[in-house]
Amino acid sequence: MQEFDIPFGIYLFYKMKKYILDLTLTANEHLRAGYALLKLTHEQPLPEMCPGQFAELKVEGSETTFLRRPISINYVDEEKNEVWFLIHEIGDGTRNLGAMEVGDKLNVVMPLGKGFTMPSSGDEKVLLVGGGVGTAPLLFLGKEMVKLGCRPTFLLGGRSAGDLMQLDMFRALGDVYITTEDASEGEKGFVTQHSVLQREHFDRIATCGPKPMMVAVARYARSKGIPCEVSLENMMACGVGACLCCVENTTEGHLCVCKEGPVFNTNRLLWQI
Amino acid sequence: MQEFDIPFGIYLFYKMKKYILDLTLTANEHLRAGYALLKLTHEQPLPEMCPGQFAELKVEGSETTFLRRPISINYVDEEKNEVWFLIHEIGDGTRNLGAMEVGDKLNVVMPLGKGFTMPSSGDEKVLLVGGGVGTAPLLFLGKEMVKLGCRPTFLLGGRSAGDLMQLDMFRALGDVYITTEDASEGEKGFVTQHSVLQREHFDRIATCGPKPMMVAVARYARSKGIPCEVSLENMMACGVGACLCCVENTTEGHLCVCKEGPVFNTNRLLWQI
Amino acid sequence: MADLSVNIGKLQLKNPVMTASGTFGYGLEFADFVNLEDIGGIIVKGTTLKPREGNPYPRMAETPQGMLNCVGLQNKGVDYFCGHIYPQIKDIRTNMIVNVSGSCCEDYAECAARINELERIPAIELNISCPNVKQGGMAFGVTAEGASAVVKAVRKAYDKTLIVKLSPNVTNVADIARSVEDAGADAVSLINTLMGMAIDIEKRRPVLSIATGGLSGPAVKPVALRMVWQVAKAVKIPVVGLGGIMNARDAIEFLLAGASAIEIGTANFIDPAVTVKVARGIDEYLERHGCRSVREIIGALGE
Amino acid sequence: MADLSVNIGKLQLKNPVMTASGTFGYGLEFADFVNLEDIGGIIVKGTTLKPREGNPYPRMAETPQGMLNCVGLQNKGVDYFCGHIYPQIKDIRTNMIVNVSGSCCEDYAECAARINELERIPAIELNISCPNVKQGGMAFGVTAEGASAVVKAVRKAYDKTLIVKLSPNVTNVADIARSVEDAGADAVSLINTLMGMAIDIEKRRPVLSIATGGLSGPAVKPVALRMVWQVAKAVKIPVVGLGGIMNARDAIEFLLAGASAIEIGTANFIDPAVTVKVARGIDEYLERHGCRSVREIIGALGE
Ligand SMILES: Cc1cc2nc3c(=O)[nH]c(=O)nc-3n(C[C@H](O)[C@H](O)[C@H](O)COP(=O)(O)OP(=O)(O)OC[C@H]3O[C@@H](n4cnc5c(N)ncnc54)[C@H](O)[C@@H]3O)c2cc1C
Ligand SMILES: Cc1cc2nc3c(=O)[nH]c(=O)nc-3n(C[C@H](O)[C@H](O)[C@H](O)COP(=O)(O)OP(=O)(O)OC[C@H]3O[C@@H](n4cnc5c(N)ncnc54)[C@H](O)[C@@H]3O)c2cc1C
Ligand SMILES: Cc1cc2nc3c(=O)[nH]c(=O)nc-3n(C[C@H](O)[C@H](O)[C@H](O)COP(=O)(O)O)c2cc1C
Ligand SMILES: Cc1cc2nc3c(=O)[nH]c(=O)nc-3n(C[C@H](O)[C@H](O)[C@H](O)COP(=O)(O)O)c2cc1C
Ligand code: FES
Ligand code: FES
């Protein structure tokens, strides 16, 4: 009964069950000004989640925040039964989330959406390109790839060295290349200008970050004929494909980012690549 | 220019200036379940306030509380530059106020309204009758009366002993008589049944509490020909006499409780006394 | 447990809680969160005769205690519904109701006729009030004549329970309710969204792709409640109340105002399990007030 | 500092921020909180030819991000205003504007005629949209004919700036705006309150004494903004925008939508000093966007 015959081209991602959970904050680390890393746990084992999926967070105590806020799954620590969210505080909702204190409860709906395609073998060379808070889902993605026997390559960009977060964790998973606009770390420029793109060959690219960055990455991937997936942002209301608010223009028409995405193969998008 | 020619019979109470202040919480004492005593201070000397006046408190962090909440001035501690509010937590607004923590800011507009008439000499025998959270303004009133050389008599009622708050402070100001419905403290019954009313004569009565109590007190006062003032509650929006939402039926027509009151001589009210 | 069942025309609901069209998908999207069979009725997405792509992105803006949407009736059309969706939802043991939209009387009638053939769809809700489509949609809903014409056309083609959903963007909603009652509606539901707008002051342009959208959520509740109260006094057919219902208290306000059932829309986005909580909360209220049946409180408003 | 001055008919405002009638008393109530002369215009309480006691208590209910009121135009009448209030407010160096209400064209006209004689009152705002009085009030505001009739009658009796305040409780607000423009209004202001209701489910009766009341505050802002945008496109006379403005951002949305000035109502209850903060915030926005004058952003909405 709960199975969907792909209406609107929407399909269930691994038919994963979604939950409404009251999580408890175990740590709130301010990685840099305006960024909070929330670590949360639950008395029950957390549900299975896939890299690229997201959660809808209920913001408490903000008079101006009415809807839930979609936030990517940054990391899952199975041992500690923790899920992490990396929050960029850009408005009232994210600021309230960033102000949470250890022991506070957070109501989340998760896991939502369709994540990244996982490599079919440990031999695949995968490039994960992130910018700004868009690096968040790539950490979890990298971790799961390592589990499959891959050693992912990360290419992370920022305006300056201070913008880059969780570098130690990325470095533990694979090779990390960096670009900064002010040359304060790694190569100077944008991610698509990094020399590793000339030097090495990749079988698959996954990217998340500001749209101009993702477009540039997609353009590179297309020029090389490499399959490329991007994680899109969008204004969401329901997060479960019910309201049709969060559409992206695709080759199949309007598709919901929350359900058919947030991860899309760039071939399906009508971007000017 | 700022003087009012008694439009709607409204006049300024001692022409006192009103302020918008960001106060800082110095203590939150939970006197009993569901009641919080907030003590607040300010870097500047607090403005002059009169007993019976109230403040409009801005509730932060409550999604369901839109308007300010009117709360009586419970006490003023000049030495510590503190103003106290005694909060009965009956809804979202008061619950959020009751949950404030030391150091938190509270935005208040005060002092508002017209307070109690003060005795004209120290010889006047004044009876202050309170019930429930209605005892709140009587503490400040008693204190100011003592300053004028009076020794007020307090008659405080509750369902049971645990309902009575700040008794030590009341006792330091004057004689305290108590009724409880379950006879757990003082005489059994309602305040108007207390024997002191038969034994002693009073020149003036001030009362605040549930309306049935205030009506009974007013009836007693009328039967004895004693001037009686009551402090009324009402749903308020502006708190400054601008919106005309908070009217009471009086011999002069609809009067705003926030500006012409909250304290009224019962002679002016159209109550069925 | 009190008796929560109510009737809307020939439709029997196990409880007065339904879901509002466009906010609950086809129900299936919420199957992980609630037992769908515990809901009195599920009103599925707006369906039109022909497929529609809806409006361009952005389609949503958050507002104080509410949201604007201009989805614009995106759907794959009634044929796709009958062929692909219906088989998936027909065995859900609650009332599966289809919200029907159109841009002319013929389209409405033909779409309704197609759904009339579906055995397990006991009712349709006629959306004559969508503010987000250029042609038709709301145009029918804002005049008594327009509303009457479309209801008459559909009534001829549809013989099960016909609920007509009214627009709040009118001077006199009671007049329109009376006209659809006269035209043969079995019930009315209201309100659809209030037409609103939001502007991005940095970009200096409307937030929504088509400038305006429909406002829903708690912000509209006072207006919705007033209209339900006015309409319940004006018509004899049952009234279904909605607009900003977030909890049992809100739902009971609508029942007291005269609604025989209620719908929950935007609240599903805030709490995907809200529907069953509201049904439970109504039950608790009835118990507390010593009512045996929810029908005792419908329209039971004192002065 | 940018040039914040705007004109509404012959009226010159030092900045586009005014206060909404019924929410700012006669201005004096707020003199402790703001320098009244820093406000572009102060629109005082609704005034009628004869004194009115208004509606019984309760007159107010809080709603999600808004409030309902049914004050019902309590005021001591125009004679009292002229004799007792006017002398106290006439020397406040800003535009003191009187909001005029009535229950028939003659009353409106006579009331306006009396105020026409007051030298220091440069404008009136004609309230044809109050939802809280039985006779007249909103009745005039909901049809183009009614609105036109009362504006024509007042226009004959009043020769200074005539602002007509429109009701949002209508199907087509642009039609009504056009009809009052044709009837001689110098400007329109909108919106007045949306008619709403609240119910006390424990007492099972309406919260407000007359059951319904007018909704104001942030909840109505999306609807107000949409209507201001529609009206600004429909008429040539200046539009004054209001409804739920809480801060400079909200105010700028209305200016971009086409309002030449704005009014602040309910927000004064939340922050009695909000008016001057909004004026300052508009100035900051203009500076940040390199605008020399606020007039550059009026109606400057891209697609
Ligand atoms: C699938 C998905 C995953 C996301 N993952 C993360 C994450 O891991 N970490 C993180 O910090 N953020 C993430 N975001 C973005 C995050 O949801 C928004 O930043 C957040 O909703 C803003 O809420 P706010 O109340 O703080 O800001 P608001 O006050 O609502 O808005 C501030 C500004 O941001 C814009 N904005 C608001 N919401 C969005 C949105 N959903 N998409 C694009 N712009 C928006 C507004 O237009 C406004 O200009 C994700 C978004 C999506 C859709
Ligand atoms: C002049 C004045 C002085 C006051 N002094 C005090 C005080 O010192 N301490 C104290 O605890 N309370 C005092 N109150 C009452 C206090 O303002 C209300 O209890 C408070 O506004 C309730 O807010 P809430 O959000 O907690 O409850 P809500 O959720 O708003 O309401 C809960 C219930 O209380 C009722 N209610 C809400 N506000 C009022 C009101 N103003 N009057 C009567 N009933 C109301 C509602 O109808 C509802 O049934 C005073 C009221 C006035 C007018
Ligand atoms: C995203 C969204 C989509 C909607 N789509 C439809 C629709 O297709 N047909 C319809 O009749 N109403 C539609 N509505 C209106 C709702 O069914 C409901 O009338 C309105 O949202 C008010 O109820 P609420 O405040 O509980 O959400 C939609 C509302 C939203 C928020
Ligand atoms: C308590 C109250 C009293 C009001 N009285 C009047 C009035 O006398 N005349 C009038 O034209 N509008 C009156 N209004 C409507 C406001 O002027 C304004 O149009 C409305 O509140 C919307 O603006 P806001 O959301 O900024 O408050 C009143 C509003 C409130 C809240
Ligand atoms: S947010 Fe509702 S469909 Fe995507
Ligand atoms: S609350 Fe506004 S006049 Fe009293």
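Chain identifiers are assigned alphabetically (A, B, ...) following the order of the sequence lines, protein sequences preceding nucleic acid strands; residue numbering begins at 1 within each chain. Note: hydrogens, waters and symmetry copies are ignored here, and every other heavy atom, side chains too, is used.
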**OP:** Measure the CE-OG1 distance between C/M195 and D/T171 for me, rounded to the nearest 0.5 Å.
**Re:** 12.5 Å

Original post:
Do any of residues 292-299 of chain D come closer than 4.5 Å to chain C, heavy atom to heavy atom, and if so which ones, in number order?
Top reply: D/I297

Original post:
What pair of heavy atoms forms the shortest contact from C/A147 to C/I176, and how long is it?
Top reply: CB-CG2, 3.9 Å

Subject >> Considering all heavy atoms, the nearest D/S167-D/V173 contact >> reply: O-CG2, 4.0 Å

Original post:
Would you say the side chain of C/V17 lies within less than 4.5 Å of the side chain of C/I264, judging by non-hydrogen atoms?
Top reply: yes

Subject >> Part of residues 219-227 of chain D lying next to chain C, heavy-atom separation under 4.5 Å >> reply: D/A219, D/P222, D/V223, D/L225, D/R226

Original post:
Who wins among D/Q230, D/K203, D/R204, D/H289 for the most heavy-atom pairs under 4.5 Å with chain C?
Top reply: D/R204

**OP:** Evaluate the salt bridge (Lys or Arg N to Asp or Glu O under 4.0 Å) criterion for residues D/R280 and D/D283: first the C-alpha distance (whole Å), next the side-chain angles of each, then the deciding distance (0.1 Å), finally the verdict.
**Re:** CA-CA 5 Å; D/R280 212 178 306 131; D/D283 184 40; over 6 Å; no

Subject >> Side chain, backbone, both or neither of C/L68 within contact of chain D (heavy atoms, under 4.5 Å) >> reply: side chain

Subject >> Identified side-chain contact (heavy atoms from CB on, under 4.5 Å) counterpart of C/C291 within the set C/I282, C/D3, C/L286 >> reply: C/L286

Original post:
How far apart are the closest heavy atoms of D/T266 and D/T23, and which atoms are they?
Top reply: N-CG2, 4.0 Å

Original post:
Which pair of heavy atoms, one from D/A234 and one from D/A174, lies closest together, and at what distance?
Top reply: CB-CB, 3.7 Å

Original post:
Taking all atoms of both residues into account, what is the closest heavy-atom pair of C/V207 and C/M60, and its distance?
Top reply: CG1-O, 4.2 Å

Original post:
Is the closest side-chain donor-acceptor distance between C/T193 and C/S216 under 3.5 Å?
Top reply: no

Subject >> Heavy-atom contact with chain C under 4.5 Å, split by part of D/Y285 >> reply: side chain

**OP:** Only pairs at least two apart or in different chains count here, so list each ring pair (Phe, Tyr, Trp, His ring centres under 6.0 Å) that has a residue in residues 191-233 of chain D.
**Re:** none

Subject >> Closest non-hydrogen atom pair between C/S260 and C/P16, with its separation >> reply: O-CB, 3.9 Å

Original post:
Within the side chain of D/D182, is there an N or O that forms a donor-acceptor pair under 3.5 Å with the backbone of D/S179?
Top reply: no

**OP:** Would you check, one step at a time, whether the test salt bridge (Lys or Arg N to Asp or Glu O under 4.0 Å) holds for C/D271 with C/K277?
**Re:** CA-CA 10 Å; C/D271 178 3; C/K277 289 182 191 166; 2.6 Å; yes

Original post:
Got a donor-acceptor contact below 3.5 angstrom from the C/S148 side chain to the C/E145 backbone?
Top reply: no

Original post:
Which one of C/P206, C/A198, C/G66, C/A61 has the most heavy-atom pairs closer than 4.5 Å to chain D?
Top reply: C/P206

Subject >> Part of residues 242-253 of chain D lying next to chain C, heavy-atom separation under 4.5 Å >> reply: D/R249, D/I252, D/E253

**OP:** Would you mind telling me which of D/A211, D/G196, D/S209 has the largest number of heavy-atom pairs within less than 4.5 Å of chain C?
**Re:** D/G196

